[in-house]
There are 2 protein chains.
Amino acid sequence: MNIYDISEKAGVSIATVSRVINGSTSVSEKTRTKVLAAIDEYGYTPNVFARGLGLNTMKTIGIMCADASDPYLARAVYYIEQDLRKNNYDSLLSCTGYSHDVKKNCLELLLSKRVGAVVLVGSNYVENNDEKNTYIRKASDTIPIMIVNGVLNAPNIYSTVCDDHGAIYEITKRFIKSGKKKPIYIYSSNSYSGIKKLEGFYDAMKDHNIPVSEKNCHFIKSHGIGVHEAKNFVTNIAESGIEFDGVITSDDILAAGVLKYAKNKGISVPDELFVAGYNNFDIAECCEPELTSVDNKLEAICHHCVSTLMSVFSEEKSVPKNAVFSGEIIERSSTKFI
Amino acid sequence: MNIYDISEKAGVSIATVSRVINGSTSVSEKTRTKVLAAIDEYGYTPNVFARGLGLNTMKTIGIMCADASDPYLARAVYYIEQDLRKNNYDSLLSCTGYSHDVKKNCLELLLSKRVGAVVLVGSNYVENNDEKNTYIRKASDTIPIMIVNGVLNAPNIYSTVCDDHGAIYEITKRFIKSGKKKPIYIYSSNSYSGIKKLEGFYDAMKDHNIPVSEKNCHFIKSHGIGVHEAKNFVTNIAESGIEFDGVITSDDILAAGVLKYAKNKGISVPDELFVAGYNNFDIAECCEPELTSVDNKLEAICHHCVSTLMSVFSEEKSVPKNAVFSGEIIERSSTKFI
């Protein structure tokens, strides 16, 4: 039961219901009576109703994401906004970019708007230098902070993540088990999730007694990197004399660049070179050969994040602080796992 | 000059500045004096300042988009949110889906939140059956309505579009001039922009004396269509006996599916078949061969949309009602234009 039900019941527009609730004088006495009767019939108290209508400080949830033109972040914002609206909350969106100071300012600005909670979308909000996370911890003194794909331990902060470490560990293991003894890893983020992925690669290599050095792990520092930059990057790695028979990447777009490199050099994928991406978006299927990738369960993660927030709001006693979803390896023709 | 400047000048957090402006009692007298002095120094009147702080009804702009997991719409939301924030406006995001009734409810809900304007992102908000646009016209009685890539004529509605007709006309013309006498067009939307593209194809065919029928134009009805659905769709067209030597599509993902079809059938692109997409996102470069596509100038369009809104707010006398940007054909190896 929400504003739509009242509006339908009373046979008036939502705007009119809102005006009645707000005590506006521009509503006729007849209409006002109809609306109040409908509210009465549903047994709403003004306070409960006000939440859905946005008449108190709980009305709006802030969503922060670095860059809504990043497909991963855009999808997450979409899922979260839809789930919040189903629960009668608005979403105040803030695309912060990646600079620490701007993120901090944006969060403070959202607090000054008296949002009921803030959802931080993407692991780039949790920094390795924990001092830089102080502004997030501080905000959690006032309101719940939800993090999608990042973990920060504090009393009023809730995290929902994909087990990125486990997914990259598993994919690296499958490269090795399938005979690839010289895999390299290419990644483009040192965020919380970025570090977990890197450690997954490291751990799998160590557990299979393959030495890891800077020759196996390559960081390409760029947000919004394109296919051709990725292609040039891996070409440079090859030309520097580093040999590899498999490339695992932290993002499908990087893997798409590796496929371009292979095609350009006449290297056969998957026979001579295995390639794997991460996120399993459209790009993975557009590539030729199509990309093996990791389904990061983003929709389930976002859904869990919002339902956790609703539990926090309803003051349920046992709300999980951190939830972890497992990624799923989707094999396509850029690898041939045994 | 904005809240950051005041905060910096006074040496206090933004939240504190906000509390002072709000008349909160939880601020020490010393701090309050510092903040008021800083505001004074910048010559702000509380009312002007309030706009940036979000203390009156003008604080927030509603953004409606059907589906923020669509890359085109996600980017548009991103550009618009960033531009609005630069102008000290918040963005209340509403992902409405494609159903008319839900869109209508969402707009009414935004109005009830007293947003200062609403930006409709994507041409799917303007319906061919003009009666269905009544709710938008009605909203424009109260606040300015900005449409990104759709046109609706009414006093308080402002449109910024890409000339989709012109871009598809031009690309079809180049197919024909390069010797492709049997091009077909595949599209996935009957929105305002979808119709303009289709008409561009029709007009180019007619102007070159090539008959157009249902054999040339194929509608695949689906939002969020995948590469393999598109591949199957074009395979079915070919198997129904329709011959074609070029495929022009309304979206890169459809064109990516055509490339999959060609590869599967051993048809050489571009020698035997030209293929062109639309939007020119990452997917275009991931494909093999890489896709000729149309750069739709989305960033410029969004930028223009927000700056127009700011002109409307500042009550400038001559604000353009409709602005049209030209798309740019980016040729890659899926065509060989003469």
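Note that these values count all heavy atoms, side chains included, but never hydrogens, waters or copies made by symmetry. In what follows, chains carry the letters A, B, and so on, assigned in the order in which the sequence lines appear, proteins first and then strands, with residues in each chain numbered from 1.
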A.B. asks: For A/K231, which atoms come within 4.5 Å of any heavy atom of chain B: side chain, backbone, both, or neither?
C.D. replies: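 Neither; nothing under 4.5 Å.
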
A.B. asks: Looking at A/L110, A/L92, A/L291, which one has more heavy-atom pairs under 4.5 Å with chain B than the rest?
C.D. replies: A/L92

A.B. asks: Roughly how far, to the nearest 0.5 Å, is the SG atom of A/C95 from the CD1 atom of B/I80?
C.D. replies: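 If I round to the nearest 0.5 Å, the distance is 10.5 Å.
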
A.B. asks: Using a cut-off of under 4.5 Å for heavy-atom pairs, which of A/Y79, A/Y78, A/F281 has the most such pairs with chain B?
C.D. replies: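 So the answer, after comparing A/Y79, A/Y78, A/F281, is A/Y78.
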
A.B. asks: At what distance, to the nearest 0.5 angstrom, does CG of B/L109 lie from CZ of A/R85?
C.D. replies: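 So the CG of B/L109 and the CZ of A/R85 are separated by 8.0 Å.
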
A.B. asks: Does A/H303, at its NE2 atom, have more than 12 non-hydrogen atoms belonging to other residues, nucleotides or ligands within less than 6.0 Å?
C.D. replies: no

A.B. asks: What are the two closest heavy atoms between B/D282 and A/V227, and how far apart are they?
C.D. replies: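 Closest pair (atom of B/D282, atom of A/V227, distance): O-CG2, 4.3 Å.
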
A.B. asks: Taking side chain as everything from C-beta outward and backbone as N, CA, C, O, which of these in B/D70 sits under 4.5 Å from a heavy atom of chain A? Side chain, backbone, both or neither.
C.D. replies: neither

A.B. asks: Counting only non-hydrogen atoms closer than 4.5 Å, does B/V77 touch chain A with its backbone (N, CA, C, O), its side chain (CB onward), both, or neither?
C.D. replies: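 For B/V77, the side chain is the part near chain A, not the backbone.
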
A.B. asks: Taking side chain as everything from C-beta outward and backbone as N, CA, C, O, which of these in B/L111 sits under 4.5 Å from a heavy atom of chain A? Side chain, backbone, both or neither.
C.D. replies: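 No part of it gets close to chain A.
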
A.B. asks: Any idea which of A/C286, A/A76, A/C65 has the most non-hydrogen atom pairs under 4.5 angstrom with chain B?
C.D. replies: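 Looking at each of A/C286, A/A76, A/C65 in turn, A/C286 comes out on top.
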
A.B. asks: Between A/L93 and B/I63, is the side-chain contact (heavy atoms from CB on, under 4.5 Å) condition met? List the steps.
C.D. replies: CA-CA 10 Å; A/L93 175 66; B/I63 300 180; 5.7 Å; no

A.B. asks: Please classify the contact between B/E81 and chain A as side chain, backbone, both or neither, with a heavy-atom cut-off of under 4.5 Å.
C.D. replies: side chain

A.B. asks: B/A256, B/S94, B/C287: which one forms the most heavy-atom pairs within less than 4.5 Å of chain A?
C.D. replies: B/S94

A.B. asks: Quick check for you: among B/Q82, B/R75, B/K260, B/E108, which has the greatest number of heavy-atom pairs under 4.5 Å with chain A?
C.D. replies: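 Option with the greatest count: B/K260.
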
A.B. asks: Would you say NZ of A/K104 has more than 12 non-hydrogen atoms from neighbouring residues, nucleotides or ligands within 6.0 angstrom?
C.D. replies: no

A.B. asks: Is it true that, when you exclude B/K103 itself, more than 12 heavy atoms of the residues, nucleotides or ligands shown sit nearer than 6.0 Å to its NZ?
C.D. replies: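 Atom NZ in B/K103 is crowded, with more than 12 foreign heavy atoms closer than 6.0 Å.
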
A.B. asks: Is B/A284 in contact with chain A via its backbone, its side chain, both, or neither, using a 4.5 Å heavy-atom distance?
C.D. replies: neither

